[in-house]
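As a basis for the values below, the full set of heavy atoms in this structure was taken, side chains included, without hydrogen atoms, waters or symmetry mates.
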Amino acid sequence: MRYKAWANELVFAAAAKLPEAELTAPRKIVFGSLLRTLNHVYAMDEVWRAHLEGRPHGYTTRNPEACPPLAEMGTAQAAMDEWFVRYADSRFDEDEVVNFRFIGGGPAAMTRRDILLHVANHGTYHRGNVASMMYQAGIAPPTTDLPVFLKRPSPGS
């Protein structure tokens, strides 16, 4: 979860250098634009957080119509990432099965550990989509590979 938070921070900082027109430009991607792809990641993080907390999430689609501006979304994503870091650091039963319903319908169940793994992998997958759109927009995306995260200096060093 720390890796995901770090990578998201880099991606949002890089995206902030793009003009609004590039953030919202239609792209041949399932969520339609760079901004909407970031919005999808945030929305699904909200869904998985709700599953972990055992409460309803209120989403009926994986591509919500409402899409806040990048700065607002970046602040919300950073807060969400902080929640996931705190949750991962908390004492919880990693093997406890969480029952939930998929947005598209149907019951499902995953362990808490597998939900966290999915949240991290899901973010990585879509940061790859965002990186591709950044290249199309004429800027190089940040390097967010796990080995780069692991070799960075520790805070305070």
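Taking 4.5 Å as the limit, some side-chain heavy atom of Leu38 sits within range of a side-chain heavy atom of Val11. Residues Met1 and Tyr87 are not in side-chain contact: their nearest non-hydrogen atoms beyond the backbone lie 4.5 Å or more apart. Proximity of Gln77 to Asp45: side-chain heavy atoms (C-beta onward) are separated by under 4.5 Å at one or more points. Side-chain contact between Leu34 and Met134: present, with at least one pair of heavy atoms (C-beta onward) separated by less than 4.5 Å. Residues Trp6 and Arg2 form no side-chain contact, since every pair of their non-hydrogen atoms from C-beta on lies 4.5 Å or further apart. Side-chain contact between Leu52 and Trp83 is present, with heavy atoms from C-beta onward closer than 4.5 Å. Residues His57 and Arg101 fail the side-chain proximity criterion, which asks for heavy atoms closer than 4.5 Å. Under the 4.5 Å side-chain criterion, counting only non-hydrogen atoms from C-beta, Phe31 is not in contact with Asn39.
Between Lys4 and Asp81 there is a salt bridge, since a side-chain N of the basic residue sits under 4.0 Å from a carboxylate O of the acidic one. Between Glu22 and Lys17 no salt bridge is recorded (no basic side-chain N to carboxylate O distance below 4.0 Å).
Remark: Arg49 fails to qualify as a cation-pi partner of Tyr59 under the 6.0 Å distance and 45° angle criteria applied to the six-membered ring.
Between His122 and His118, the ring planes are tilted. Angles from 30° to 60° get that label.
Within a 6.0 Å radius of CD in Glu46, other residues, nucleotides and ligands contribute more than 12 heavy atoms.
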Exercise. Going through the checks in order, is the side chain to side chain donor-acceptor pair (under 3.5 Å) test met by Asn129 and His126?
Worked result: CA-CA 5 Å; Asn129 297 146; His126 286 298; 2.8 Å; yes

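In this structure, the side chain of Arg36 engages the main chain of Pro64 through a donor-acceptor pair within 3.5 Å.
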